[in-house]
Amino acid sequence: MPSKMERKFGKYAIPNLTLYLIIGYVIGYVMSLISPEVYAYFSFDPYLIFHGQIWRLLTWILTVPEELGIFTVIMMLLYYSLGTTLERTWGTYRYNVYMLSGFLFTVVGAIILYLVLTVYYSNTEGNMIYSSIIAQTMGKAISAFVSTYYINMSIFLAFAVTYPDMELLLYFIIPIKIKWFGFLYGGYIIYDIIYAFMNYPTILAVVQTTMIVLSLLNFLLYWFSGSRKRLGNMRRKREYVRSVQKGVKEKRYENGVMHRCAVCGRTDRDYPELTFRYCSKCTGGKEYCQEHLFTHVHQ
């Protein structure tokens with residue numbers, strides 16, 4: 001059932017959003033090849049944004065996450081397939097929220113990180129000249145780690161959680177369940193973070209780690225909310241099975257009656273033509289006839 005937000009804003013959702021993102025990458029690749037000078041104005045740089053170049057709040061989405069090659073083309077085709085499948089599964093509005101929240105978390109988080117680091121190091125130096133240099137340096141440092149790479153990865157991770165047993169062909173030959181690729185991606189992310197702290201200056205490692213977490217925050221929220229739902233479903237299923245078994249045991253030898261509607265009291269003995277079903281949301285193993293199964297008040 002659509003939420004209130006979906007009913008209100010669902011009409012503004014962009015159908016086939018993954019295709020538009022890939023088209024944006026194509027534009028970015030073309031611009032990087034034919035006009036590197038113009039392409040340089042696409043990147044996300046908080047210092048330049050605060051100095052009037054506000055278009056960078058959007059154009060960074062067009063920047064390419066990696067060098068163009070056959071592997072990049074294959075990955076773009078894969079992300080298109082996964083993204084469109086998720087959109088069909090979740091609905092256009094929810095898929096839009098998932099993807100756009102990834103971009104929003106990245107932008108807002110990068111700006112906050114820039115302000116915090118700039119103020120901290122400027123206060124440490126206590127000099128206005130150094131403060132300007134620090135602000136530019138922090139802008140460049142954050143710009144180097146603002147990318148759609150991990151946002152794209154969030155598509156794959158969300159698909160792996162949604163369809164864990166679907167198979168992909170490794171090297172187009174070996175079938176492997178996608179959940180194992182999801183674990184591999186998770187391990188790769190952890191490796192990236194550890195490598196950064198072992199090989200980069202601490203400030204750069206902190207920036208990279210923060211941007212990774214921000215880019216994947218949409219997936220983390222989806223995963224945690226899904227985990228609660230899965231645990232709740234498992235608990236309700238166990239309770240339902242126990243209540244059904246208890247209800248059947250209690251009613252099995254009651255004057256030959258096997259089923260009794262908790263609303264109207266009719267039984268399978270008096271009305272053998274009726275169909276009776278247990279309700280998974282009611283406690284105590286209550287069952288209902290076909291007329292009251294979907295109309296009763298849960299107890």
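These numbers were taken from a predicted model, which means no experiment stands behind them.
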(Q) Is it the case that the side chain of E287 and the backbone of R260 share a donor-acceptor pair, with hydrogens and angles ignored and the cut-off at 3.5 Å? (A) yes
Q.
Using side-chain contact (heavy atoms from CB on, under 4.5 Å), reason through T210 and F145 one step at a time and then give a plain yes or no.
A. CA-CA 9 Å; T210 304; F145 295 106; over 6 Å; no
Q: Please check if the distance between the ring centroids of F156 and Y185 is under 6.0 Å.
A: yes
Q: Check the surroundings of atom CD1 in I193: do more than 12 heavy atoms from other residues, nucleotides or ligands lie under 6.0 Å from it?
A: yes
Q.
Are V161 and L184 linked, directly or through intermediate hydrophobic residues, by side-chain heavy-atom contacts shorter than 4.5 Å (ILVMFWY only)?
A. no
Q: Inspect the surroundings of CH2 in W55 and state if more than 12 heavy atoms from other residues, nucleotides or ligands are less than 6.0 Å away.
A: yes
(Q) Ring centroids only, cut at 6.0 angstrom: are Y98 and W90 within range, meaning strictly under it? (A) yes
Q. Is any side-chain heavy atom of W60 closer than 4.5 Å to a side-chain heavy atom of S43?
A. no
Q | Validation row: R56, Y41 side chains within 4.5 angstrom (heavy atoms) | A | yes
**Q.** Side chain S143, main chain F44, donor-acceptor under 3.5 Å
**A.** yes
(Q) Does atom OH (Y195) have a neighbourhood of more than 12 heavy atoms from anything else shown, all under 6.0 Å? (A) no
Q) Just by distance, do the side chain of H51 and the backbone of Y47 share a donor-acceptor pair under 3.5 Å? A) yes
